[in-house]
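The basis for the numbers below is simple: all heavy atoms, side chains too, and nothing from hydrogens, waters or symmetry mates. First the proteins, then the strands, lettered A, B, ... as listed; each starts at 1.
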Amino acid sequence: MPALSSNRPISPLPRTFYARDPRRVARELLGKVLVRKDSHGPRTARIVEVEAYLGQNDPAAHTFSGQTLRNAVLFGPPGYAYVYFIYGNHYCLNVSCEPDGKAGGVLFRALEPLTGIEQMARSRALTIKNPRDLRLLTSGPGRLAEAFDITRERDNGTDLTSSDSTLWIGSDGLPPGPILLTPRIGITKAAHLNLRYLLRGNAFVSGGRASQVRRPLPRTKL
DNA sequence: ATATCGATTATCT
DNA sequence: GATAATCGATATG
């Protein structure tokens, strides 16, 4: 059964949550809730798919070749939004991990809409024909960014640990359910590493069925 | 259902 | 000048 919307209060995750290896952060972010607060009212969605990027040792990471203006947030303190623009078309959301000075991050790849679905649909209606199809709202990194009106200009550097922010991450206490580990999607470098984390059987995971037929999370792994 | 392709621009070599 | 952590449209089986 899919995770359902709960009316439990959502409390922000502390900065210490993010001050760890991105693999651990990625795994534990599954089931948590992304919140957008603005004049349209709250949008919330459950995190169902993420990928870990390992900083200086990871050829696929934006931080592989060192710090630049664009990736500075990933080298800074943990718990802040890193938003980048890709293919001349899409924004993607990450959260910085590891202690200040060490690079690392987690990419948000798919969400399950909970509340504020009408506003997500309005934001996505600019691009898609059928904003009534919930899967099309937030199933993919570019899609979820558009559904939440996430842009580099507005959100890069936002503190995601504060419920005073217009964008933040919290927990409503629901357990995430079974987690699967697969290769990352859409990259050319270090494409074989199992650094994509998803909730097993969740309908909002991106990439179709083939990308979900992989292995359970090993107990010994981060 | 799967494959291929074009869009469109910030960033880095 | 080439590339990119993508998406949506179109073509084909």
Without decimals, in angstroms, what is the distance between [X] [atom1] and [N] [atom2]?
| X | N | atom1 | atom2 | value |
| --- | --- | --- | --- | --- |
| A/H90 | B/dA7 | NE2 | C1' | 8 Å |
| A/L136 | C/dG8 | CG | P | 7 Å |
| A/N156 | B/dA10 | CG | P | 15 Å |
| A/D133 | C/dC7 | CG | P | 14 Å |
| A/Y91 | B/dT8 | OH | C1' | 12 Å |
| A/L137 | C/dC7 | CG | P | 13 Å |

Exercise for the section: Kindly indicate whether the side chain of A/R152, heavy atoms from C-beta on, has any atom under 4.5 Å from the side chain of A/R70. Expected result: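 A/R152 vs A/R70: side chains touch.
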Problem - Where at least one partner belongs to residues 9-18 of chain A, residue pairs that pass salt bridge (charged side-chain N to carboxylate O under 4.0 Å, His left out), sequence neighbours excluded - result: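 Counting only pairs at least two positions apart or across chains, the salt bridge (charged side-chain N to carboxylate O under 4.0 Å, His left out) contacts touching residues 9-18 of chain A are A/R15-A/D159.
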Exercise for the section: Decide whether A/T115 and A/R43 meet the rule of one side-chain donor and one side-chain acceptor closer than 3.5 Å. Expected result: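 Note: A/T115 and A/R43 side chains miss the donor-acceptor criterion.
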Practice task
Can you measure from CD (A/E112) to CG (A/L199) and round to the nearest 0.5 angstrom?
Solution key: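 So the gap between those two atoms works out to 8.5 Å.
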Exercise for the section: Look at the side-chain heavy atoms of Ile, Leu, Val, Met, Phe, Trp and Tyr, link any pair under 4.5 Å apart, and say whether A/V73 and A/Y91 land in one connected group. Expected result: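 No, A/V73 does not connect to A/Y91 through the hydrophobic network.
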Handout entry: Secondary-structure stems, DNA chain B, at least 3 Watson-Crick or G-U base pairs under 3.5 Å
Key =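 Listed by first number, the stems are B:1-7 with C:6-12, B:9-12 with C:1-4.
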Show me, pair by pair, the donor-acceptor contacts under 3.5 angstrom made by side chains of residues 79-88 of chain A, not counting sequence neighbours?
unit_1, atom_1, unit_2, atom_2, d
A/Y82, OH, A/H62, ND1, 2.7

Practice task
For C/dG8, take OP1 and OP2 only and decide whether either is under 4.0 Å from a side-chain N or O of A/R124.
Solution key: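 Yes, A/R124 has a side-chain N/O under 4.0 Å of OP1/OP2 on C/dG8.
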Over all heavy atoms of both residues, which pair between [X] and [Y] is shortest? Give the atoms and the distance, please.
| X | Y | result |
| --- | --- | --- |
| A/W168 | A/K37 | NE1-CG, 4.3 Å |
| A/A147 | A/L137 | CB-O, 3.4 Å |
| A/R8 | A/L174 | NE-CD2, 3.5 Å |

Enumerate, atom names and distances included, each donor-acceptor pair closer than 3.5 Å involving a side-chain atom of residues 125-134 of chain A, sequence neighbours excluded.
unit_1, atom_1, unit_2, atom_2, d
A/T127, OG1, A/E146, OE1, 2.9
A/T127, OG1, A/E146, OE2, 2.5
A/N130, OD1, A/R132, N, 3.0
A/N130, OD1, A/D133, N, 3.3
A/D133, OD1, A/R135, N, 3.1

Problem - Axial cation check for A/F204 ring with A/R46, 6.0 Å and 45° limits - result: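 Here A/R46 fails the 6.0 Å and 45° test against A/F204.
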Strictly under 3.5 Å: I want the nitrogen or oxygen pairs between protein and nucleotides 11-13 of chain B, one per line.
unit_1, atom_1, unit_2, atom_2, d
B/dC12, OP1, A/T68, OG1, 2.4

Could you pull out the protein-nucleic contacts involving nucleotides 2-5 of chain C (nitrogen or oxygen on both sides, under 3.5 Å)?
unit_1, atom_1, unit_2, atom_2, d
C/dA5, O4', A/Y53, OH, 3.4
C/dA5, N9, A/Y84, OH, 3.4
C/dA5, N7, A/A60, O, 3.2
C/dA5, N7, A/H62, NE2, 3.0
C/dA5, N6, A/H62, N, 3.4
C/dA5, N1, A/N94, OD1, 2.5
C/dA5, N3, A/Y84, OH, 3.0

